[in-house]
Every structure is written in structure tokens, then in C-alpha cells.
Amino acid sequence: LDHPGSVEVAGVMVGDGLTDPAVQVLQKPASAFQLGLIDEKQYQQAQGYAELASKLALAGNFSGAASARAAMEELVEAASQVTPYDVRDLDGYAYQDQ
């Protein structure tokens with residue numbers, strides 16, 4: 001194989017960035033449901049928020065989309081006592097006492 005030469009890198013980004021917010025937000029309710037974090041009724045509510053967030057993102061209303069996404073994430077967190085950003089963080093969650 002021929003080596004094409006060096007590649008200059010100005011920086012590296014690591015994390016859970018919103019690369020396609022209109023699509024990504026639609027996956028969160030199903031993931032929460034499949035993990036058992038929410039029940040079917042809560043899934044339907046979360047899916048409604050996710051669909052609204054997706055539509056708003058596609059329309060370029062990113063502030064409105066962020067609000068709808070936050071409402072969806074708050075619903076999941078309130079129902080499960082698990083933060084959507086780090087399910088490994090177990091300190092102080094009520095489900096541990098069951």
C-alpha cells in the first residue's frame with residue numbers, strides 16, 4: 001500500500017454531540033423503554049416530545065427543539081430516577097432501595 005502522506009489535525013472533539021438532532025432525538029424514548037426506564041404510557045409521552053423536537057429542529061427552531069428534548073429527558077429522569085447522560089451514576093437513586 002502506498003502511504004498518502006501525513007494528515008494535519010487541528011483538533012479532536014470527543015463526546016455526544018448533536019450531529020443530527022432531528023434524527024438522534026427520535027431514538028431516545030425507544031432506548032429508555034427498552035432499558036426498562038419508562039413504561040408504555042411514558043414512552044408514548046416521551047415519543048411525543050421527541051417528535052416535536054425533531055420537527056422543530058428540521059424547521060431550524062433549535063431553541064424550541066432543545067426545550068422539547070429537555071421535556072422528554074426530564075420525563076425519563078422523573079420516571080426512572082436515572083439521568084439520561086450517565087446511567088452509571090448510581091448515588092442517591094430511589095430504585096436502589098427497592
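In this text, all values refer to a predicted model and were calculated from it rather than measured experimentally. We use all heavy atoms of the structure for the numbers below, so side chains are in, but hydrogens, waters and symmetry mates are not.
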Q: Please give the remaining members of the hydrophobic cluster of L56, linking ILVMFWY side chains under 4.5 Å, ordered by chain and number.
A: L52
Q: Excluding sequence neighbours, so at least two apart, what forms side-chain contact (heavy atoms from CB on, under 4.5 Å) with A70?
A: E74
Q: With sequence neighbours left out, which residue pairs that include part of residues 54-73 fulfil the ring pair (Phe, Tyr, Trp, His ring centres under 6.0 Å) condition?
A: none
Q: Can you give the donor-acceptor pairs under 3.5 Å from side chains of residues 30-43 to other protein atoms, not counting sequence neighbours?
A:
residue	atom	partner	partner atom	Å
S31	OG	Q27	O	3.1
D39	OD1	K41	N	3.1
D39	OD1	Q42	N	2.8
Q42	OE1	D39	N	2.8

Q: What closest approach, in Å, do M72 and A46 show between heavy atoms, and which atom pair accounts for it?
A: CG-O, 3.4 Å
Q: Are E77 and E73 packed together at the side-chain level, in the sense that at least one heavy-atom pair is separated by less than 4.5 angstrom?
A: no
Q: Which residues pass the side-chain contact (heavy atoms from CB on, under 4.5 Å) test with L26, not counting sequence neighbours?
A: Q47, A50, E51, S54
